[in-house]
Colleague: 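First the structure, then my questions, so here it is.
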Protein chains: 2
Amino acid sequence: MDGSGRSAPKGRVPATIYDVARATGVSPSTVSRALNKPGRLSAATEQRIREAAAELGYRMNPMARALPTGKTGTLGLLVSDLTNPVYFDLVRGAERIARENGATLIFADSQESSELERDNAERLQVAVDGLLLVASRLDDAQIQELASVKPLVAVNRLVSGVSGVVPDVSPGMTEAINLLHRHGHRRIAYLAGPEASWMNGMRRLSVFDLAEDKGMTIVEIQSPAPTRDGGTESYPLVKAANVTAVLAYNDLVALGLLRACRAHGVDVPGDLSVVGFDDIFGADLPTPALTTVRSPMSDMGMRAVRMLLAVIEGEAESTQLILPTEFVNRESTAAPRR
Amino acid sequence: MDGSGRSAPKGRVPATIYDVARATGVSPSTVSRALNKPGRLSAATEQRIREAAAELGYRMNPMARALPTGKTGTLGLLVSDLTNPVYFDLVRGAERIARENGATLIFADSQESSELERDNAERLQVAVDGLLLVASRLDDAQIQELASVKPLVAVNRLVSGVSGVVPDVSPGMTEAINLLHRHGHRRIAYLAGPEASWMNGMRRLSVFDLAEDKGMTIVEIQSPAPTRDGGTESYPLVKAANVTAVLAYNDLVALGLLRACRAHGVDVPGDLSVVGFDDIFGADLPTPALTTVRSPMSDMGMRAVRMLLAVIEGEAESTQLILPTEFVNRESTAAPRR
DNA sequence: CTGAAAGCGCTTACAG
DNA sequence: CTGAAAGCGCTTACAG
């Protein structure tokens with residue numbers, strides 16, 4: 001039989017360890033060991049087996065391995081909204097570390113729906129060695145429940161007893177508020193994200209704490225959605241609130257608000273200062289470029305995967321990692337004109 | 001230690017069909033049938049089995065099922081660069097259709113490297129029922145080879161004998177060139193993408209054909225990378241080419257060029273018209289907002305998954321789907337000033 | 001309508 | 001260092 005020539009249209013039969021065992025004159029167990037526990041058998045046979053395997057185009061069947069070992073070599077990544085550019089860097093960082101460790105990433109989008117998120121989590125959980133929950137919309141108990149059946153690490157969410165990595169809102173936000181205060185802003189708004197979002201809670205809390213410390217007045221406005229459209233639709237409320245600066249839940253919302261301001265002839269930052277959160281792709285694109293607070297998303301993705309791998313190995317019981325945010329001062333903030 | 005339940009820290013033993021068989025007093029085969037071939041056994045037993053399964057929190061083990069059936073219920077999605085926002089909508093569309101059909105998406109990023117892409121493809125191929133290759137950097141023979149072992153559909157790439165879905169560059173590009181011509185542009189540039197990119201070839205060809213038809217002079221400039229930085233770095237060459245308009249390989253490059261123009265005090269569109277490609281997230285953000293040609297990425301992602309599912313079912317042998325692009329006229333194009 | 005049995009491809013004690 | 005055997009959780013002809 002020749003190697004590449006005359007295969008049936010679909011479904012050349014893949015070689016198994018039995019095929020390479022036969023080709024080498026050893027037992028399947030020996031083939032398995034040669035391929036997976038290098039050094040446990042004579043260098044000569046190992047070499048012969050490897051060559052035969054290569055010759056036959058043998059690929060290990062991960063499903064078959066998963067059965068006896070219970071390890072799939074696969075990690076599940078669940079995000080609340082894949083459409084949000086904020087997750088790109090995270091996904092990328094996660095993917096990189098997963099690959100470096102020979103793990104495969106499976107991912108799913110739960111579209112801001114906690115029901116869908118739970119479904120996805122349960123469905124994925126049987127197929128993976130561990131789960132990464134990003135910006136989960138589940139409640140603490142549900143997350144703890146999930147974490148009790150398989151290794152799990154939460155990203156952008158802190159849950160007692162569950163490993164997690166989150167940004168520390170404080171450093172970036174402190175600088176943002178300080179800057180606004182220095183510019184003379186005294187009455188500001190927080191344009192809030194989804195109530196089910198833990199990060200929204202953190203950002204909200206941080207803004208309120210910091211602003212009150214400075215003696216600033218702060219009003220809260222609920223954005224109808226954590227999206228650009230949500231930000232745009234919030235414009236009337238922002239306008240009505242009669243503030244000189246707004247801190248948005250995230251860049252998407254801030255960007256949407258910027259668009260609305262432009263449409264209504266409101267000068268940013270002259271009439272209104274706007275601060276975003278995340279520093280997503282595109283935040284620097286508009287004029288004025290968006291001032292924002294950056295979370296180390298790529299780093300968080302990498303750390304989260306490493307942590308997950310560690311708890312899979314049974315190394316870590318439950319660790320919480322807090323990574324600092326950073327203020328990115330661009331063009332959408334200045335002293336109020338009047 | 002902590003209070004949430006009595007389970008061992010990690011690894012509550014999951015229930016198997018044997019457990020529910022025992023609980024119901026039937027055989028495992030019957031359980032299997034009850035759960036997977038509804039209607040093939042008495043409604044009463046089926047009901048009892050379902051209840052017992054729910055009671056025990058039974059979840060099918062996809063690995064175990066994959067062994068005898070050879071079907072994993074999983075699709076692999078390979079993109080050349082996950083960081084490019086252009087893939088967001090595609091991924092989203094694909095994810096949606098996959099979920100609707102009970103399939104799980106596994107995805108991997110090959111970072112513009114054809115070696116990494118081949119590695120990923122081979123590694124994934126054994127674990128999935130089919131592969132989606134997006135903007136593949138492999139050559140035709142390699143893709144055909146991959147397609148010969150398992151169902152595969154290519155996106156943004158047409159390969160003879162291999163199913164694929166691609167945008168038809170023509171409608172959008174024709175309008176773009178027509179507009180430029182009407183504006184009086186006579187000497188334009190194509191700012192090219194990666195040579196290994198099939199889409200780059202298509203766009204390039206289309207631009208050249210269309211422009212020559214109109215009697216326009218067209219020069220080609222190679223962008224060092226298909227990224228914003230690549231576009232920015234191309235600025236000197238664009239400047240030197242002494243053209244009044246440039247069509248970029250994609251929006252990322254166009255956006256980068258826009259930034260460079262701004263930095264150098266070149267007025268867009270007064271001094272230079274810029275047209276992008278893709279209409280990625282953020283293309284409308286800068287001032288001037290980027291004029292571009294939109295590919296129906298979300299639709300392509302959905303169609304591609306449907307096609308893949310169809311070839312997995314053995315329905316389609318090899319189909320090529322061509323979806324029209326659309327011109328998006330924004331602010332970065334106008335009549336040249338001088 | 002339902003059960004007993006074989007088998008999917010691999011791993012891993014257990015013996016030599 | 002290597003092999004024979006059992007088993008992972010499921011499916012599916014094959015018989016009743």
Side-chain angles (χ1 to χ4, degrees), chain A residues 11-50 52-53 56-74 102 123 125-129 149-150, chain B residues 11-50 52-53 56-74 102 123 125-129 149-150:
Chain A
R12 197 178 312 174
V13 196
T16 71
I17 55 171
Y18 291 90
D19 298 319
V20 0
R22 203 172 312 122
T24 335
V26 299
S27 79
S29 2
T30 304
V31 174
S32 172
R33 281 188 282 254
L35 268 19
N36 300 305
K37 327 244 181 202
R40 294 238 307 177
L41 64 180
S42 80
T45 19
E46 182 174 329
Q47 184 56 18
R48 258 173 53 232
I49 292 175
R50 288 195 176 286
L56 293 171
Y58 169 77
R59 311 256 157 223
M60 204 256 309
N61 180 331
M63 309 300 163
R65 161 180 281 183
L67 255 204
T69 62
K71 292 283 170 246
T72 67
T74 276
R123 188 171 50 87
Q125 215 165 27
V126 301
V128 302
D129 294 341
V149 357
K150 276 235 177 126
Chain B
R12 196 178 314 173
V13 196
T16 71
I17 54 170
Y18 291 90
D19 296 319
V20 0
R22 202 172 312 123
T24 333
V26 300
S27 78
S29 1
T30 302
V31 174
S32 172
R33 282 189 280 256
L35 268 19
N36 299 305
K37 327 244 179 204
R40 295 239 306 178
L41 63 181
S42 79
T45 19
E46 182 175 329
Q47 184 55 18
R48 259 172 54 231
I49 293 175
R50 288 196 177 286
L56 292 171
Y58 168 76
R59 312 254 158 225
M60 205 256 309
N61 180 332
M63 309 299 165
R65 159 181 283 183
L67 254 204
T69 62
K71 292 284 171 244
T72 66
T74 276
R123 187 171 51 85
Q125 214 165 30
V126 301
V128 302
D129 294 340
V149 358
K150 275 231 179 129

Colleague: Check side-chain hydrogen bond (donor to acceptor under 3.5 Å, both in side chains) between A:Ser32 and all other residues, then give those that pass, not counting sequence neighbours.
Modeller: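 A:Ser32 satisfies side-chain hydrogen bond (donor to acceptor under 3.5 Å, both in side chains) with no other residue.
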Colleague: Can you name the residues that form a side-chain hydrogen bond (donor to acceptor under 3.5 Å, both in side chains) with A:Arg123, not counting sequence neighbours?
Modeller: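 Testing A:Arg123 for side-chain hydrogen bond (donor to acceptor under 3.5 Å, both in side chains), a comparison that skips the adjacent residues, returns A:Asn120, B:Thr104.
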Colleague: What does nucleotides 7-16 of chain C look like as a protein-contact string, B for base, S for sugar-phosphate only, - for none, at under 4.0 angstrom between heavy atoms?
Modeller: BBBBBBB---
Colleague: Going by side-chain contact (heavy atoms from CB on, under 4.5 Å), name the residues that satisfy it together with A:Val31, two or more places apart in sequence or in a different chain.
Modeller: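 Partners of A:Val31 by the side-chain contact (heavy atoms from CB on, under 4.5 Å) criterion, ordered by chain and then number, come out as A:Ile17, A:Val20, A:Ala21, A:Val26, A:Leu35, A:Ile49.
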Colleague: For residues 17-38 of chain A, which residue pairs qualify under salt bridge (charged side-chain N to carboxylate O under 4.0 Å, His left out), counting only residues two or more places apart or in two chains?
Modeller: A:Asp19-A:Arg22
Colleague: Apply side-chain hydrogen bond (donor to acceptor under 3.5 Å, both in side chains) to A:Thr24 and list each qualifying residue two or more places apart in sequence or on a separate chain.
Modeller: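 side-chain hydrogen bond (donor to acceptor under 3.5 Å, both in side chains) check on A:Thr24 returns nothing, list empty.
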Colleague: Under the rule for salt bridge (charged side-chain N to carboxylate O under 4.0 Å, His left out), what residues qualify as partners of B:Arg50, not counting sequence neighbours?
Modeller: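 With sequence neighbours excluded, B:Arg50 shows a salt bridge (charged side-chain N to carboxylate O under 4.0 Å, His left out) to B:Glu46, given in chain and number order.
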Colleague: Just jot down the side-chain hydrogen bond (donor to acceptor under 3.5 Å, both in side chains) partners of A:Thr69, sequence neighbours excluded, or say none.
Modeller: none
Colleague: Give DNA chain C the dot-bracket treatment, 5' to 3': Watson-Crick (N1-N3 with N6-O4 or O6-N4) or G-U (N1-O2, O6-N3) under 3.5 Å, [ ] crossing, | other strand.
Modeller: |||.||||||||.|||
